[in-house]
Amino acid sequence: MFTIEQIKEAHSKVKTGADFPNYIQDLIILGVKGYDTFVKDGHVEYYGVNNYSVTADEKYTEIKVADSPNKELFIEFLVKHQQGETDYLTFCNHSAQCGIAKWRVDIMEMTCTYFDKLENEILIEKIPN
């Protein structure tokens, strides 16, 4: 089974959103099936086979997530992040501003789904190989 230390090592190679596809490939090798990232504090819950899971602690001081989602603005911020124009913390702040409470990466389906506070799906995107 994978550990938080192994995941942190893989994540240390990610500098911008442009590095995300390689990070996913590293997680596949470790046996991670998916994970949820919580925008309010950056903690992440990773899932593997047989209900195995590990949780990484919060990464930053809590930020307030807007009550209502703004999908159009979020897509603009997401594109900028994926093009390497913003760092991770900036993207998290932008996500919170747009009402994104968490995102779920499903490595089996190769999707990333963004949710609001009420667990409504705001955007689903395919992860590039």
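Note: hydrogens, waters and symmetry copies are ignored here, and every other heavy atom, side chains too, is used. Quantities reported herein were computed from a predicted structural model and do not represent experimental measurements.
No side-chain donor-acceptor contact under 3.5 Å links N120 to the backbone of D116.
In summary, the side chains of Y46 and D36 do not present any donor paired with an acceptor at a separation below 3.5 Å, with no hydrogens or angles considered. Using a 3.5 Å distance cut-off with no hydrogens or angles, the side chains of T90 and D87 do pair a donor with an acceptor.
The structure places OG of S68 at 9.0 Å from CG of L118, a figure rounded to the nearest 0.5 Å. The CG atom of L30 lies 9.0 Å from the CD1 atom of I107; values are rounded to the nearest 0.5 Å. Note: K33 NZ to N51 CG = 13.0 Å, rounded to the nearest 0.5 Å. In this structure, I28 CD1 and M108 CE are separated by 8.5 Å, a value rounded to the nearest 0.5 Å. How far CD of E76 is from NZ of K80: 7.0 Å, rounded to the nearest 0.5 Å. Distance check, rounded to the nearest 0.5 Å: CD1 of I127 to CD1 of I24 gives 4.5 Å.
Side-chain contact check for I100 versus I122: some heavy-atom pair is nearer than 4.5 Å. Residues H94 and L73 have side chains not in contact (no heavy-atom distance under 4.5 Å, counting atoms from C-beta outward). Looking at heavy atoms from C-beta onward, Q6 lies out of side-chain contact with E9 at the 4.5 angstrom threshold. A 4.5 Å side-chain heavy-atom check between I63 and N93 finds at least one atom pair inside the cut-off. Residues F20 and Q82 have side chains not in contact (no heavy-atom distance under 4.5 Å, counting atoms from C-beta outward).
Within 6.0 Å of CD on E109 lie no more than 12 heavy atoms contributed by other residues, nucleotides or ligands. Summarising the local packing, CD of E125 is surrounded by more than 12 heavy atoms from other residues, nucleotides or ligands at distances under 6.0 Å. Counting non-hydrogen atoms of other residues, nucleotides and ligands closer than 6.0 Å to NZ of K8 gives a total of 12 or fewer. Atom NZ of K40 sits in a sparse spot, with 12 or fewer heavy atoms from other residues, nucleotides or ligands closer than 6.0 Å.
H43 and F38 have parallel rings, their planes meeting at less than 30° on a 0 to 90° scale where 60° marks the start of perpendicular. Between F91 and F74, the ring planes are tilted. Angles from 30° to 60° get that label.
Under the 4.5 Å side-chain heavy-atom criterion for ILVMFWY residues, no single connected hydrophobic cluster contains both F77 and L123. Residues V39 and F115 do not share a hydrophobic cluster, clusters being chains of Ile/Leu/Val/Met/Phe/Trp/Tyr side chains in contact below 4.5 Å. Under a hydrophobic-cluster definition in which Ile, Leu, Val, Met, Phe, Trp and Tyr are linked whenever side-chain heavy atoms come within less than 4.5 Å, directly or via other members, I4 and Y60 are assigned to the same cluster. No single ILVMFWY cluster, assembled from side-chain heavy atoms under 4.5 Å apart, contains both L78 and I124. Hydrophobic clustering, with ILVMFWY side chains joined whenever heavy atoms are under 4.5 angstrom apart, keeps I7 apart from Y47.
With respect to the salt-bridge test (charged N to carboxylate O, under 4.0 angstrom), the residues D26 and K13 qualify.
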**OP:** For the pair M110 and K126, evaluate side chain to side chain contact (heavy atoms under 4.5 Å, CB included) and give the outcome as yes or no after the intermediate values.
**Re:** CA-CA 6 Å; M110 291 300 282; K126 290 294 285 177; 4.3 Å; yes
**OP:** Please lay out, stage by stage, how Y35 and R104 fare under the test side chain to side chain contact (heavy atoms under 4.5 Å, CB included).
**Re:** CA-CA 6 Å; Y35 62 90; R104 172 172 294 143; over 6 Å; no
Original post:
Could you go step by step and tell me if W103 and S95 meet the side chain to side chain contact (heavy atoms under 4.5 Å, CB included) rule?
Top reply: CA-CA 10 Å; W103 58 82; S95 297; 4.0 Å; yes
Subject >> K59 vs D41, salt bridge (charged side-chain N to carboxylate O under 4.0 Å, His left out): CA-CA, chis, key distance, verdict >> reply: CA-CA 6 Å; K59 293 184 177 159; D41 62 5; over 6 Å; no
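Minimum heavy-atom separation, K117 to A66: CE-O, 3.9 Å. Of all heavy-atom pairs between Y52 and F2, the closest is OH-O, 2.6 Å.
Exactly one residue among E121, E45, E119 makes a salt bridge (charged side-chain N to carboxylate O under 4.0 Å, His left out) with K102. That residue is E119.
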